[in-house]
Amino acid sequence: MSQPNRKIRLAIVSPFIDKRHGTERRVAEWIGQLCDTYEIHIYSQDVQDVDLSRVTWHRIPKLPGPHLFNFVWWLAANSTLRMWHARRPELRPDLVFSPGINCFDADAISVHIVFAEYVAQARNELSFSRNSLSAWPRLLHRKLYYALIMAIERRVYHNPRTSLILIAKRTALALERFYGPHPNLPVVYGGLDHATFNPQRRALLREAARRTLALTPDRFALVIVSNDGRNKGLPVLFEAMAALRNLPLNLLVVTREDPAPYRAQIHRLNLDNQIHFLPPRSDIDFYYAAADAYAGPSLEDTFAQPPAESMACGLPVIVSAANGTSEIITDGHDGLILQDPTDGPSLAEMIQRLVIDRDFANQLGRNAHQTAQQFTWERNGRELHEIFQNLAAQKSRNAAHAVTQES
């Protein structure tokens, strides 16, 4: 355990860290808030958007091939390297923190998704009988990966000494439903960079962003930032757009995901010219500036960062009740909440109202900005510091008690 006069040594275990993904962006920001107070050692395959002069990065090589194989390798490799480092006093961590399921020995895990809940909700989509034969290899890969993750969830979430840091209160219900009650569940809502995400900057970037994306003034652009389109609700969003084909709608899908699995549905719904798959950018506010509203009908989402960032920019947002971001939204005041993430007609009605009633949409956006103001990375830093200090103190007490018992 930590000695007087030195910082607590915090090991952060994450396969990659950058500011272009929701969970990873959150971790990058948290590191920025904590690195003056803690001695931070990052175990990762790729680190970007972090000041490496203020932390120590222990790089884990990435294994080429399917994601499942790399994940198994990553799990084994980071555990082995940390076991080796634990033998060296100058590298032995006082605390191990993992954003999600990345190791078996974390003192604290921030829970960004409960895979058991997601798989239960996506059961039909994961059925071989509901997918074409050509999709079976990809589907099998997904099912094997989810099975492995859920097996690890069962093990680590049952450990009462592991602090599970929630990004939304609703996650506690999913954890209890699938893995039983847990005694230690602090909640840390995601922070926001208000110097980047604000209505003034959005207005400044808007004309150039829309021109770059060939959006004429009459088009109403929805935006969604996605790393797993099916979980983020792309299929139901496409169906809702098809029901509104008489409106001047475009959808900007910001993702690294291969759009091929969605092409058949898009073509069937005659939406080829309205849906645009776009690559992530480090200046993600470029897409918020181009858009008129954010739409995120997630099947399961602990707390999606992009809707909150959109709120900070003054955009009206639509999220599902399955998205933890709904916990900071008052329906009809600073956003719209879709109770059933698979309810295409209701989603279409919400979108239609935003398109037709611009005064209502603008008021939602103004109220959303006000709500978002209270969530900052500095606030997250204070909350995490308190959690980690309490964990470190508890570990010291446990170690002292163990020594007393042995003597």
Side-chain angles (χ1 to χ4, degrees), residues 16 18-25 48 66-67 118 122 125 131-132 134-135 137-139 141-142 202 205-206 208-216 218-245 247-301 304-307 309-310 313 315 317-320 323 341-342 344 347-348 351 354-355:
F16 66 97
D18 61 34
K19 292 188 179 181
R20 293 184 297 278
H21 299 78
T23 298
E24 291 70 27
R25 183 185 314 174
Q48 300 180 40
H67 178 69
Y118 167 59
E125 296 176 14
N131 286 269
S132 65
S134 63
R138 185 192 299 269
L139 182 60
H141 177 270
R142 290 179 68 194
R202 174 176 168 247
L205 297 175
R206 183 169 173 80
R210 287 182 69 90
R211 184 170 60 248
T212 299
L213 297 175
L215 291 170
T216 56
D218 64 304
R219 306 300 296 183
F220 189 96
L222 299 169
V223 65
I224 180 171
V225 181
S226 168
N227 57 2
D228 180 347
R230 295 196 179 278
N231 184 41
K232 295 295 183 181
L234 287 187
V236 72
L237 188 50
F238 298 159
E239 295 287 348
M241 286 191 62
L244 303 171
R245 64 179 70 257
L247 294 179
L249 270 177
N250 287 81
L251 174 64
L252 311 178
V253 182
V254 182
T255 183
R256 281 195 176 85
E257 190 177 13
D258 182 0
Y262 307 105
R263 292 298 187 194
Q265 183 190 15
I266 292 171
H267 185 70
R268 174 175 58 81
L269 296 173
N270 196 27
L271 295 172
D272 302 82
N273 296 324
Q274 293 177 250
I275 297 175
H276 315 280
F277 287 87
L278 302 165
R281 299 171 53 130
S282 56
D283 57 338
I284 191 68
D285 50 323
F286 169 88
Y287 291 123
Y288 302 150
D292 297 289
Y294 188 96
S298 309
L299 295 177
E300 197 286 331
D301 224 334
Q305 202 72 13
E309 291 170 346
S310 298
C313 289
L315 274 177
V317 301
I318 301 172
V319 297
S320 71
N323 185 330
T342 65
L347 177 59
I351 295 171
L354 295 180
V355 176

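Atoms considered below: every heavy atom in the structure, side chains included; atoms not considered: hydrogens, waters and symmetry mates. Small disclaimer: the values here were computed from a predicted structure and weren't measured.
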Participant: Does Asp228 reach the side chain of Tyr118, with side-chain heavy atoms less than 4.5 Å apart?
Facilitator: yes
Participant: Report yes or no: does Arg210 contribute a side-chain atom to a donor-acceptor pair with the main-chain N or O of Arg219 at less than 3.5 Å?
Facilitator: yes
Participant: Side-chain contact, heavy-atom cut-off 4.5 Å: Leu271 with Tyr262?
Facilitator: no
Participant: Is a donor on one side and an acceptor on the other found under 3.5 Å between the side chain of Asn231 and the backbone of Asp301?
Facilitator: no
Participant: If you round to the nearest 0.5 Å, how far is CZ of Arg142 from CG of Asn131?
Facilitator: 8.0 Å
Participant: Rounded at 0.5 Å granularity, tell me how far CD1 in Ile351 sits from CG in Leu249.
Facilitator: 6.5 Å
Participant: Looking at side-chain heavy atoms only, is the closest gap between Pro280 and Arg256 below 4.5 Å?
Facilitator: yes
Participant: How far does CG of Asn270 sit from CE of Met241, to the nearest 0.5 angstrom?
Facilitator: 11.0 Å
Participant: Restricting to non-hydrogen atoms, name the atom on Ala348 and the atom on Ala243 that form the minimum distance, rounded to 0.1 Å.
Facilitator: CB-CB, 4.2 Å
Participant: Check Val317 against Pro307 and note the closest heavy-atom contact, atom names and distance.
Facilitator: CG1-O, 3.7 Å
Participant: From the options Asn323, Thr342, Val236, select the one residue that forms a side-chain contact (heavy atoms from CB on, under 4.5 Å) with Leu299.
Facilitator: Thr342
Participant: Hey, mind stepping through Val254 and Phe286 against side chain to side chain contact (heavy atoms under 4.5 Å, CB included) and telling me if it holds?
Facilitator: CA-CA 11 Å; Val254 182; Phe286 169 88; over 6 Å; no
Participant: So do the side chains of Phe220 and Asn250 get within less than 4.5 Å of each other, counting heavy atoms only?
Facilitator: no
Participant: Taking the side chain as everything from C-beta on, heavy atoms only, tell me whether Asn227 gets closer than 4.5 Å to Lys232.
Facilitator: yes
Participant: Do side-chain atoms of Arg281 reach the backbone of Tyr287 as a donor and acceptor pair under 3.5 angstrom?
Facilitator: no
Participant: If we only count heavy atoms from C-beta on, is the Leu278 to Leu213 side-chain gap below 4.5 Å?
Facilitator: yes
Participant: Which heavy-atom pair separates Ala290 from Ala221 by the least distance, and what is that distance?
Facilitator: O-CB, 3.9 Å
Participant: Between Asp292 and Arg206, is a side chain to side chain contact (heavy atoms under 4.5 Å, CB included) present by the stated rule, with each step listed?
Facilitator: CA-CA 10 Å; Asp292 297 289; Arg206 183 169 173 80; 2.6 Å; yes
Participant: Nearest 0.5 Å please: distance from the CG atom of Leu315 over to the CG atom of Leu354.
Facilitator: 10.5 Å
Participant: Do Arg25 and Ile284 come within less than 4.5 Å of each other through their side chains, counting heavy atoms only?
Facilitator: yes
Participant: Could you work out, with side-chain contact (heavy atoms from CB on, under 4.5 Å) as the rule, every residue matching Glu24, not counting sequence neighbours?
Facilitator: Phe16, Asp18, His21
Participant: Could you go through the salt bridge (Lys or Arg N to Asp or Glu O under 4.0 Å) check for Glu239 and Arg268 one step at a time?
Facilitator: CA-CA 10 Å; Glu239 295 287 348; Arg268 174 175 58 81; 3.3 Å; yes
Participant: Quick check on Asn273: does its CG atom have over 12 non-hydrogen neighbours (other residues, nucleotides or ligands) under 6.0 Å away?
Facilitator: no
Participant: Please verify the inter-ring angle class for Phe238 with Phe277; under 30° counts as parallel, over 60° as perpendicular, anything in between as tilted.
Facilitator: perpendicular
Participant: Got a second to check how far Ile224's CD1 is from Ser310's OG, nearest 0.5 Å?
Facilitator: 10.5 Å
Participant: For Thr255 and Ser226, indicate whether the former's side chain and the latter's backbone hold a donor-acceptor pair under 3.5 Å.
Facilitator: yes
Participant: Are the side chains of Val253 and Pro259 in touch, meaning some heavy atoms are under 4.5 Å apart?
Facilitator: no
Participant: Search all heavy atoms of Pro341 against all heavy atoms of Ser320 and return the closest pair with its distance.
Facilitator: CB-CB, 3.8 Å
Participant: Given Ile318 and Tyr294, is the side chain to side chain contact (heavy atoms under 4.5 Å, CB included) satisfied, shown in steps?
Facilitator: CA-CA 6 Å; Ile318 301 172; Tyr294 188 96; over 6 Å; no
Participant: Please identify each residue that fulfils side-chain contact (heavy atoms from CB on, under 4.5 Å) with Leu205, with sequence neighbours left out.
Facilitator: Arg201, Asp285, Ala289
Participant: Rounded to the nearest 0.5 Å, what separation is found between the CD atom of Glu257 and the CZ atom of Arg230?
Facilitator: 8.5 Å
